[in-house]
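One structure is given here, and the rest of the page talks about it.
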Number of protein chains: 2
Amino acid sequence: MPASARARLARRLPQAATMFAALGDPTRLALVTRLCDGSRRSITQLCAGQPLTRQAISKHLRVLEDARVIRSERTGRESLYTLDPQPIGELRAYIDLVSSQWDDALARLKSFVEK
Amino acid sequence: MPASARARLARRLPQAATMFAALGDPTRLALVTRLCDGSRRSITQLCAGQPLTRQAISKHLRVLEDARVIRSERTGRESLYTLDPQPIGELRAYIDLVSSQWDDALARLKSFVEK
DNA sequence: CTCATATGCCACCTCCAGGTTGCATGTGAG
DNA sequence: CTCACATGCAACCTGGAGGTGGCATATGAG
């Protein structure tokens, strides 16, 4: 019923989709999961334990950075990556919007049935 | 620090990745956004307004169903799709885990700095 | 019964995400 | 200065995602 909520969802959809897609790859989600403790790690550090080439990891990091999920900062000869909390918050906001819409619909349905 | 939370994240990672990937496509996210009002819609209904073939939409719906984001039920000659609230909830739980980890890290960092 | 409707299934096409290798570049260590 | 190390960049390959069209099948309408 709330057309405003629907409009908000539609407006945020493209960016939300890219962020979801960024987290959709297992390797990338693993990277994010590894960074979610707030640490700043270099590429080679993030390569450790993964069966992939440095370049592959590097590409994934680039994707995550383009989606604004992580941030990179060059210090000396290595670039350190950290999680960016704000986009994660926006993702949560999107999901909350979807589920709240759904909750509202359920409530309306319930009240309709009970009437 | 909480190794249990990290283990939980690692365990849920594969399924979470598939769900993120399912929502990563703009068309699919639009479908989910359209279904999040609790309605049950047929394929042709969902095709209306989208510049895609019925088969394309059908495939997307199949992907969403495989990821357990939506459910289908055949009634008569049409199959109706509805949003499945539980996986959405799990996604939210995953994001909450990530951001709570992050919050914890921030808190620890803050207390460390302030010490 | 007959027909239009709603969908499923299959073959096919195209393009890019994900991955590798090789080389170039910048920077800290000694 | 020289060398090892961390990274960037470009070319290349390949499988599967996303899309189409055609045909088959079930089912409600008349």
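Just so we're on the same page: letters track the sequence lines, and every chain starts at 1. Hydrogens, waters and symmetry mates play no part in the numbers below; they use all other heavy atoms, side chains included.
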Whole angstrom value for the distance that separates [atom2] of [N] from [atom1] of [X]:
X        : N       : atom1 : atom2 : result
Leu23(A) : dG18(C) : CG    : P     : 12 Å
Arg41(B) : dT7(C)  : CZ    : P     : 13 Å
Ile57(A) : dA17(C) : CD1   : P     : 17 Å
Gln50(B) : dT20(D) : CD    : P     : 11 Å
Leu64(A) : dA17(C) : CG    : P     : 14 Å
His60(A) : dG8(D)  : NE2   : P     : 15 Å
Leu52(B) : dG21(D) : CG    : C1'   : 15 Å
Leu46(B) : dG8(C)  : CG    : P     : 12 Å

- Hey, are Thr33(B) and Tyr94(A) close enough side-chain-wise for a donor-acceptor pair under 3.5 Å? yes

- Residues Ser39(A) and Tyr81(A): side-chain donor-acceptor under 3.5 angstrom: no

- Query: Mapping Gly76(A) and Pro51(A) onto DNA chain C by nearest heavy atom, which one lands closer to the 5' end?
  - Reply: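 Result: Pro51(A).
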
- Query: Given that Ala21(A) and Arg74(A) both sit by DNA chain C, which one's nearest nucleotide is further toward the 5' end?
  - Reply: Ala21(A)

- Distance-only donor-acceptor test (3.5 Å): side chain Gln55(B), base dG18(D):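 No pair found.
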
- Message: Any base atoms under 4.0 Å from Thr53(A), or only sugar-phosphate, or nothing? Heavy atoms, all strands.
- Response: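 Answer is base: heavy atoms of Thr53(A) come under 4.0 Å of a base.
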
For [N], does either OP1 or OP2 sit under 4.0 Å from a side-chain N or O belonging to [X]?
X        : N       : value
Arg62(A) : dG8(D)  : no
Ser58(A) : dG8(D)  : yes
Arg28(B) : dG18(D) : yes
Ser42(B) : dT7(C)  : yes

- Note on the structure: Heavy-atom closest pair (Ala16(A) atom, Leu29(B) atom, distance to 0.1 Å) is CB-CD2, 4.0 Å

- Name the residue closer to the 5' end of DNA chain D, choosing between Lys59(A) and Glu78(A) according to the nucleotide with the nearest heavy atom. Glu78(A)

- Item | Earlier contact from the 5' end, DNA chain D, for Asp25(B) and Arg54(A) |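 Its nearest nucleotide being more 5', the pick is Arg54(A).
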
- Nucleotide of dT7(D), dT20(C), dG26(C) approaching Thr44(A) most closely (side-chain heavy atoms):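 Of the candidates, dT7(D) comes closest.
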
- Which one, dT7(C), dG8(D), dG28(D), comes nearest to the side chain of Arg77(B)?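 Nearest listed nucleotide: dG28(D).
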
- Taking C-beta and beyond as the side chain, do Leu46(B) and Arg34(B) meet within less than 4.5 Å on heavy atoms? yes

- Task: Start with the C-alpha distance between Glu73(B) and Arg40(B), add both sets of side-chain angles, then the distance that settles salt bridge (charged side-chain N to carboxylate O under 4.0 Å, His left out), and finish with yes or no.
- Result: CA-CA 9 Å; Glu73(B) 186 186 355; Arg40(B) 323 168 72 222; 2.6 Å; yes

